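Data first, discussion second: the structure below is written as structure tokens.
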Amino acid sequence: MTPEVREIVDFKLAAVRQELLELLNRLSEADWELPVYLDPEIWTVADTVRHLLQAEKSMVRLMKGISQGHPGTPEGFDLAAFNRKGIDLVRERPRPELLADLARAREETIAFMDTLTDADWEKSGRHAIGRVMSIYEICRLIGIHENGHLQDIRQAVEG
């Protein structure tokens, strides 16, 4: 791995994930039901974790497609509907299973990153947010995205 990629793994992915897990493991079952977002719909701490799981898995699928020449997410993609569906797909998973799924998703992300050649990192495609991004940028975004939600969860729990 290049130093830039190692930075993504060590700081954007590993450090943020560790911080997220430390916070989540301190929470009571009641805390998992605290609202994090209220608009356009209510997302609890648990919903936000469900979203992080589904978002990471979908970004890895996206990057795999881009690495194989796919253009990425189609224009006009309904990200809000996709996020709702993703949360609903794992809504009934108990907390320990959800946390295990998060760990597996991260392992799959890093395993995918390990398969990439130097040329693959620069391949680009449309991300669900509508921006054309390189695989490198999408990998960074996974950590940035998770950190943003981590800060929002922290704010909801700690006030």
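Source: prediction; values computed, not measured.
The line from CE of Met59 to CD1 of Ile66 is 11.5 Å long, rounded to the nearest 0.5 Å. How far OG1 of Thr44 is from CD of Glu33: 5.0 Å, rounded to the nearest 0.5 Å. Distance CZ/Arg131 to OG1/Thr73: 12.5 Å, rounded to 0.5 Å. Separating the CD1 atom in Ile138 from the OG1 atom in Thr109 is a distance of 12.0 Å, to the nearest 0.5 Å. Going from atom CG of Leu20 over to atom NE2 of His149 covers 10.5 Å, rounded to the nearest 0.5 Å. From Gln54, atom CD reaches atom CG of Asp101 across 8.5 Å, with rounding to the nearest 0.5 Å.
Linking Ile, Leu, Val, Met, Phe, Trp and Tyr whenever their side-chain heavy atoms come within less than 4.5 Å leaves Ile129 and Tyr37 in two separate clusters. Hydrophobic clustering keeps Leu141 apart from Leu150 (ILVMFWY residues linked when any side-chain heavy atoms are closer than 4.5 Å, directly or through intermediates). Residues Ile144 and Leu52 do not share a hydrophobic cluster, defined by chaining ILVMFWY side chains whose heavy atoms lie under 4.5 Å apart. Note on Phe112 and Val16: separate hydrophobic clusters, where clusters join Ile, Leu, Val, Met, Phe, Trp and Tyr whose side-chain heavy atoms are under 4.5 Å apart, directly or indirectly.
Minimum heavy-atom separation, Cys139 to Met113: SG-CG, 3.8 Å. Nearest heavy atoms, Ile42 versus Pro35: CG2-CB, 4.2 Å. Of all non-hydrogen atoms in Ser134 and Trp121, the two that sit nearest each other are CB-O, 3.5 Å. Closest non-hydrogen pair, Asp120 versus Thr115, comes out as OD2-O, 4.3 Å. The heavy-atom pair separating Gly143 from Leu13 by the smallest distance is N-CD2, 3.8 Å. The nearest pair of heavy atoms linking Ser124 to Val132 is CB-CG1, 3.9 Å.
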- Item | Lys57 vs Glu108, salt bridge (charged side-chain N to carboxylate O under 4.0 Å, His left out): CA-CA, chis, key distance, verdict | CA-CA 8 Å; Lys57 289 168 64 174; Glu108 291 170 10; over 6 Å; no
- Item | Intermediate values then yes/no, salt bridge (charged side-chain N to carboxylate O under 4.0 Å, His left out), Asp47 and Arg91 | CA-CA 8 Å; Asp47 291 331; Arg91 183 168 303 285; 2.8 Å; yes
- Task: Assess whether side chain to side chain contact (heavy atoms under 4.5 Å, CB included) is satisfied between Gln151 and Glu19, documenting all intermediate values.
- Result: CA-CA 10 Å; Gln151 300 314 318; Glu19 196 175 337; 4.0 Å; yes
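Considering only residues two or more places apart in sequence or on other chains, His127 meets the ring-ring contact (aromatic ring centres under 6.0 Å, His included) condition with none of them. The side-chain contact (heavy atoms from CB on, under 4.5 Å) search around Gln18 returns Glu22, not counting sequence neighbours.
In this structure, Asn25 places its CG atom where more than 12 heavy-atom neighbours from other residues, nucleotides or ligands lie under 6.0 Å away. The number of heavy-atom neighbours closer than 6.0 Å to CD of Glu158, taken from other residues, nucleotides and ligands shown, is above 12.
Between Val49 and Trp32, some side-chain heavy-atom pair lies under the 4.5 Å cut-off. Counting only heavy atoms from C-beta outward, the side chains of Thr48 and Asp152 never approach each other to under 4.5 Å. In this structure, the side chains of Leu53 and Arg93 come closer than 4.5 Å at one or more pairs of heavy atoms. Side-chain contact between Leu23 and Ile153 is present, with heavy atoms from C-beta onward closer than 4.5 Å.
At least one donor-acceptor pair closer than 3.5 Å links the side chain of Lys123 to the backbone N or O of Ser67.
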May I have the list of side-chain donor-acceptor pairs in residues 80-87 shorter than 3.5 Å, sequence neighbours left out?
from  : atom 1 : to    : atom 2 : distance (Å)
Asn83 : ND2    : Leu79 : O      : 3.4

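With Glu56 as the fixed residue, the side chain to side chain donor-acceptor pair (under 3.5 Å) test singles out one of Arg61, His51, His145, Arg17: Arg17.
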